[in-house]
Amino acid sequence: MIGFSRAAQTLVCDGVPLSAIAEAEGTPVYVYSAAVLRERYRALDHAFGSHPHRLHYALKANSTLGLARLLCELGSAADANSIWEVELARKAGFSAADIVFTGVGKSPAELECAVPLGLKAINVESVGELARVEAIAVRLGLVGRVALRVNPDIDAKSHPHISTGLRINKFGMPLDDVRALFRTIMSRRSLKLVAIHVHIGSQMTTTEPLARSAALVADLVKELGACGIPLEYVDLGGGLGISYDGRPVPTVEQYVTALLSAVAPTGLPIVIEPGRAIVGPSGTLLARVIDLKPRNADSQFAVLDAGMAELMRPALYNAYHGVEPVSVRSGGETQYELVGPICESADVVARDRLLTPLEVGDLVAIRDAGAYGSAMASNYNRHPLPAEVLVDDGRWRVIRRRQTIDDMTALEI
Ligand SMILES: Cc1ncc(COP(=O)(O)O)c(C=O)c1O
């Protein structure tokens, strides 16, 4: 059994007791299972069967070097959302030709660095951005490889903060703008259109919007083909959801079938940019109970040493994470409001949870925290960024040490 499971009433990760990691490294600490990460990468990869494809792991979900390296070793390519994620990807071992550079606001300085790198594509999000890429390419005497990000005006049916495919969202360009750019690009010697890109949202729990956006991309590819404009591939973004609360989500096979049934007839290779679906379930945030106090007649506050500084998702999106005591105490279940130590009432990790009794000093595991957890962590209230640990083949090692106050103030004058 790989991943997080119970052995003799205590939670283990790939056979390593989480309590041993907390004892050695302190809390809060992110713990990742290399086995889960590998399994989830491979499952997605295999689901495409013989159709040519490439997984570009979305570094925004979690770009800790140790994990990025693991994915690179597995054969993944990368999706970077800033020039710093591009640099991180290169440090992790990804070659420039295996990186796509997305992002709604690439600064002039970022583009200046990116254009000469020879990336697989710069995923262009506006008419103005295309002109900026072109100007740099002309000046440097290069050909800028670009993909056009289309905004298909499709509702991803996810949380509004992570839905990106509606016209009112800031991402990409409307279909007509994309169509108008086809001929412009063809007439420019310093630009090469290599793909159409779409990404309509994250944490999608139904395949229907994904199938619609893939169909729209396939139609565009056909239009381009009719005009004699060949593409190298289509980039269908990320977005496959995971089950945080036990409710069913599409399987990787259902997800890939939804994409393939629309795009396979074009014969083009498919690029996807999965983040959460690969890394989310591989990570757990371990925290300690530092206080208990009454909340109301029915429940108690359990104050943890991890909160919105370490894991922002609950405060930001009202997101649900499973929470469980690492070692189970006997006794009936009690209702807890699990809160963080940050000076904000929004700093609630989990509401109204029925758990076996907790005592001060107990460890709790906040599950499925591998994606958009450590990547979004901050120093709010001067919390140090937490340590991160990778468990691999029954052994564990620190892949990021806990920040110190000296690390935190090193840049301050
Ligand atoms: C352009 C793009 N690609 C890929 C992703 C990764 O999405 P997910 O982690 O849901 O797979 C995102 C995140 O929202 C994104 O904005």
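For the single chain, residues carry numbers from 1 onward in sequence order.
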Given side chain to side chain contact (heavy atoms under 4.5 Å, CB included), test Leu285 with His321 step by step and report yes or no. CA-CA 10 Å; Leu285 175 59; His321 283 269; over 6 Å; no
Please walk me through it: do Leu119 and Val100 pass side chain to side chain contact (heavy atoms under 4.5 Å, CB included)? CA-CA 6 Å; Leu119 302 174; Val100 293; over 6 Å; no
Please walk me through it: do Arg276 and Ser202 pass side-chain hydrogen bond (donor to acceptor under 3.5 Å, both in side chains)? CA-CA 8 Å; Arg276 188 190 311 269; Ser202 192; 2.8 Å; yes
Closest non-hydrogen atom pair between [X] and [Y], with its separation:
X      : Y      : result
Val249 : Ser243 : CG1-N, 3.8 Å
Met408 : Glu412 : O-OE2, 3.3 Å
Leu358 : Leu292 : O-CD1, 3.3 Å
Pro281 : Asp368 : CA-OD1, 3.4 Å
Val326 : Ser19  : CG1-N, 4.3 Å
Pro386 : Arg402 : CA-NH1, 3.8 Å

Cation-aromatic face contact [X]/[Y], 6.0 Å, 45 degrees:
X      : Y      : answer
Arg247 : Tyr320 : no
Arg353 : Tyr336 : no
Arg149 : Phe101 : no

Checking the side chain of [X] only, and the main-chain atoms of [Y] only, is there a donor and an acceptor separated by less than 3.5 Å?
X      : Y      : result
Tyr255 : Gly241 : no
Glu337 : Ala302 : no
Glu73  : Leu70  : no
Glu310 : Gly307 : yes
Thr334 : Thr356 : no
His53  : Ile270 : no
Asp14  : Gly3   : yes
Glu110 : Ser107 : yes
His56  : Glu273 : no

Evaluate the criterion side-chain hydrogen bond (donor to acceptor under 3.5 Å, both in side chains) for residue pair Ser327 and Thr10; output intermediate values, then yes/no. CA-CA 4 Å; Ser327 298; Thr10 187; 3.3 Å; yes
List the steps, then state whether side chain to side chain contact (heavy atoms under 4.5 Å, CB included) holds for His51 with Val256. CA-CA 10 Å; His51 190 91; Val256 170; over 6 Å; no
[atom1]/[X] to [atom2]/[Y] distance, rounded to the nearest 0.5 angstrom?
X      : Y      : atom1 : atom2 : value
Tyr41  : His46  : OH    : NE2   : 9.0 Å
Ile2   : Arg38  : CD1   : CZ    : 10.0 Å
Ser76  : Leu71  : OG    : CG    : 5.5 Å
Asp177 : Asn151 : CG    : CG    : 10.0 Å
Leu363 : Leu11  : CG    : CG    : 10.0 Å
Leu354 : Gln335 : CG    : CD    : 5.5 Å

Candidate pair Thr64 and Asn62, rule side-chain hydrogen bond (donor to acceptor under 3.5 Å, both in side chains), full reasoning: CA-CA 6 Å; Thr64 301; Asn62 190 321; 3.1 Å; yes
Evaluate Leu59 against Tyr57 for side chain to side chain contact (heavy atoms under 4.5 Å, CB included), listing each step before the verdict. CA-CA 6 Å; Leu59 287 161; Tyr57 170 64; 3.9 Å; yes
Just checking Arg183: does its CZ atom have more than 12 heavy atoms from other residues, nucleotides or ligands closer to it than 6.0 angstrom? no
Quick one: do Lys60 and Glu85 satisfy salt bridge (Lys or Arg N to Asp or Glu O under 4.0 Å)? Show the steps, please. CA-CA 8 Å; Lys60 62 180 74 68; Glu85 281 191 356; 5.4 Å; no
Stepwise salt bridge (Lys or Arg N to Asp or Glu O under 4.0 Å) test for Arg179 and Asp176: CA-CA 5 Å; Arg179 282 199 184 95; Asp176 286 344; 3.0 Å; yes
Before giving the answer on side-chain hydrogen bond (donor to acceptor under 3.5 Å, both in side chains), spell out for Tyr380 and Glu344 the whole-Å C-alpha distance, their side-chain angles and the decisive distance to 0.1 Å. CA-CA 10 Å; Tyr380 190 35; Glu344 299 273 346; 2.4 Å; yes
Under 3.5 Å, which donor-acceptor pairs link side chains of residues 127-145 to any protein atom two or more places apart or in another chain?
unit_1, atom_1, unit_2, atom_2, d
Glu129, OE1, Lys106, NZ, 2.8
Glu129, OE1, Glu125, N, 2.9
Glu129, OE2, Lys106, NZ, 3.3
Glu134, OE1, Arg188, NH1, 2.9
Glu134, OE2, Arg188, NH1, 3.4
Arg139, NH1, Glu112, OE2, 2.9
Arg139, NH2, Glu112, OE1, 3.1
Arg139, NH2, Glu112, OE2, 3.0
Arg145, NE, Lys120, O, 2.9
Arg145, NH1, Glu232, OE2, 3.1
Arg145, NH2, Lys120, O, 3.2
Arg145, NH2, Glu232, OE1, 2.6

Derivation of the salt bridge (Lys or Arg N to Asp or Glu O under 4.0 Å) call for Lys91 and Glu87: CA-CA 6 Å; Lys91 260 186 202 292; Glu87 284 177 15; over 6 Å; no
Does any part of the side chain of Arg42, heavy atoms only, come nearer than 4.5 Å to the side chain of Leu74, both counted from C-beta? yes
Could you tell me whether the side chain of Val12 reaches within less than 4.5 Å of the side chain of Ser5, counting heavy atoms only? yes
Could you check Arg397 against Asp392 for salt bridge (Lys or Arg N to Asp or Glu O under 4.0 Å), going step by step and ending with a plain yes or no? CA-CA 8 Å; Arg397 64 189 169 90; Asp392 197 359; 5.9 Å; no
